[in-house]
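What follows is one structure encoded as structure tokens, with my remarks underneath.
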Amino acid sequence: MPELPEVETIKRGLKDLVTGLSVKEVVIKNHKSFLIDENTKELFLFNHKVLDVKRRAKLLMINLDSDYSLVFHLKMTGQLVYVNHNYRFGAGHPTDSLIHQLPDKSTRVIFIFNNKAKLFFNDQRKFGWIKIIPTALLTDKDFFKYHGPEPLDLLFSSDVLYQRLLKHPNSKIKAVLLNQTVLSGLGNIYVDESLWMSKINPLTTVNRLTEKNIVVLHRSIQSVLNKSISLGGSTDRNYVDAKGNKGSYLKFANVFRKENQPCPRCSNLIVKQKIAGRGTHFCPNCQKIEIEK
DNA sequence: CACTTGACCTGTCCGC
DNA sequence: TGCGGACAGGTCAAGT
């Protein structure tokens with residue numbers, strides 16, 4: 001589930017909650033989720049303060065004052081939920097009921113902090129992972145050489161998008177936008193939404209796109225991501241933020257999970273079709289394939 | 001090289 | 001009510 005807006009939302013929440021705390025204990029219920037040896041735990045994890053929480057692409061990083069960082073990839077069903085020592089954030093918090101159920105059967109790793117708060121790494125499908133990596137490596141651009149630019153970075157212009165897309169001229173735009181080496185952070189939801197907003201058919205090959213298409217696509221990607229971040233991301237099934245709150249972006253989605261419903265722009269029915277191996281939602285009427293270049 | 005498929009896992013939903 | 005199959009937001013390796 002978690003794409004850029006979801007990981008960004010978790011990061012913002014966690015940063016306020018865990019900065020300054022130190023890890024006292026870790027309970028690993030599923031070892032494949034977090035391969036770490038006792039030595040590394042003692043030397044680089046335990047009793048080290050959290051300096052900062054960062055995001056790059058879909059990775060979330062907790063920098064520790066040991067010069068190492070905890071790095072998380074949530075893949076499809078990962079959650080990072082912080083719960084304080086008495087299992088409450090405050091009277092009447094909407095997610096108190098959810099928090100009381102933790103740990104649950106999807107809990108794979110639990111971090112316990114010096115203030116007795118716990119951070120639950122839940123992951124139903126066990127695809128996600130946690131690693132401990134030297135912070136210096138994470139700031140080295142080599143580490144992210146297989147990740148494309150951040151779509152909300154000021155340096156990410158429509159020209160940059162154009163240049164990167166052009167490296168895959170014969171591929172379908174849907175597949176290229178899902179490719180993390182081209183651009184970081186988009187997943188199935190935001191690719192479908194961005195293409196709808198741009199009136200681009202997901203089957204269009206890159207070499208059929210006009211320059212105007214790309215200018216509009218660039219603006220649409222940023223608009224969709226910014227709107228989702230402002231709404232706390234998308235909760236389709238699993239996703240919750242660091243406090244256990246769901247995101248509300250999908251209430252405003254135009255095509256994702258809207259198959260057989262009218263297109264908000266032209267009233268034609270939205271279709272769902274497998275493209276690039278993924279369920280893809282679009283309006284075949286107003287998302288036309290460009291004929292001329 | 002472009003593209004597809006299968007694998008990693010668990011849970012849910014749908015049709016019989 | 002039970003069972004089998006398809007499917008789910010991510011990524012990687014292997015195959016065509």
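Below, chain A is the first sequence line, B the second, and so on; all start at residue 1.
You'll find that the side chain of A:Lys32 is closest to B:dC9, out of B:dA2, B:dC9, C:dT11. Of the listed nucleotides (C:dA8, B:dG11, C:dG9), C:dG9 has the atom at the smallest distance from the side chain of A:Glu3. You'll find that the side chain of A:Lys126 is closest to B:dC9, out of B:dC9, C:dG10, C:dG9. When the nucleotides B:dT10, B:dA2, C:dG9 are ranked by their closest atom to the side chain of A:Arg237, C:dG9 comes out on top. Residue A:Arg257 has its side chain nearest to C:dA8 when only B:dG11, C:dA8, C:dG10 are considered. The side chain of A:Gln124 lies closest to B:dT10 when the candidates are C:dG10, B:dA2, B:dT10.
In the model, A:Asn63 has a side-chain atom that pairs as donor or acceptor with a side-chain atom of A:Ser69 under 3.5 Å. Side-chain contact check for A:Gln79 and A:Asn122: at least one donor-acceptor pair (N or O, by modelled atom type) lies under 3.5 Å. For the residue pair A:Tyr190 and A:Ser234, a side-chain donor N or O sits within less than 3.5 Å of a side-chain acceptor on the partner.
Counting non-hydrogen atoms under 4.0 angstrom, A:Gly187 reaches the backbone sugars and phosphates but no base.
Regarding A:Arg278, its CZ atom lies at a distance of 15 Å from the C1' atom of C:dA6, rounded to whole Å. In this structure, A:Arg108 places its CZ atom 11 Å from C1' of B:dG11, rounding to the nearest Å. Rounded to whole Å, the distance from OH on A:Tyr239 to P on B:dG11 is 22 Å. When the P atom of C:dC7 is taken as reference, atom CE of A:Met76 falls 13 Å away, rounded to whole Å. Per the geometry, NZ belonging to A:Lys75 stands 6 Å off P belonging to C:dC12, to the nearest Å. At whole-Å resolution of the value, CG in A:Asp123 and P in B:dC9 are 11 Å apart. A:Lys174 places its NZ atom 18 Å from the C1' atom of B:dA2, with the value rounded to the nearest Å. A:Asn238 has its CG atom 13 Å from the P atom of C:dG10, to the nearest Å.
For A:Lys58, no side-chain nitrogen or oxygen approaches OP1 or OP2 of C:dG9 to under 4.0 Å. Look at A:His73 and you won't find any side-chain N or O under 4.0 angstrom from OP1 or OP2 of C:dG10. Applying the 4.0 Å criterion to OP1 and OP2 of C:dT11, one finds that A:Gln180 has a side-chain N or O inside that range.
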Starting from the C-alpha separation in whole Å, work towards a yes-or-no answer on side chain to side chain donor-acceptor pair (under 3.5 Å) for A:Arg219 and A:Ser158. CA-CA 8 Å; A:Arg219 191 190 312 139; A:Ser158 74; over 6 Å; no

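Taking the six-membered ring where the residue is Trp, A:Phe113 and A:Tyr82 present tilted rings, their angle falling between 30° and 60°.
C:dG9 and B:dC14 have their P atoms separated by 16 Å, given to the nearest Å. Spacing between C:dC3 and B:dC8 at atom P, rounded to whole Å, works out to 25 Å. Nucleotides B:dC9 and C:dA13 have their P atoms positioned 15 Å apart, rounded to a whole Å.
Per the stacking criterion (ring centres < 5.5 Å, plane angle < 30°), A:Phe127 does not stack onto the base of C:dT11.
Taking a pair to require two hydrogen-bonding distances under 3.5 Å in either a Watson-Crick or a G-U wobble arrangement, B:dC9 remains unpaired. Using Watson-Crick or G-U wobble geometry with both donor-acceptor distances under 3.5 Å, C:dG9 finds no partner in any strand shown.
Between atom NZ of residue A:Lys11 and atom CZ of residue A:Arg56 there is a gap of 12.5 Å, rounded to the nearest 0.5 Å.
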Enumerate all atom pairs, one protein N or O and one N or O from nucleotides 14-16 of chain C, separated by less than 3.5 Å.
none

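The residues A:Glu25 and A:Lys116 are annotated as not salt-bridged, no charged nitrogen and carboxylate oxygen being separated by less than 4.0 angstrom. The existence of a salt bridge linking A:Asp192 and A:Lys174 is confirmed by a sub-4.0 Å separation between a basic side-chain nitrogen and an acidic carboxylate oxygen.
Residues A:Ile130 and A:Leu138 do not share a hydrophobic cluster, clusters being chains of Ile/Leu/Val/Met/Phe/Trp/Tyr side chains in contact below 4.5 Å.
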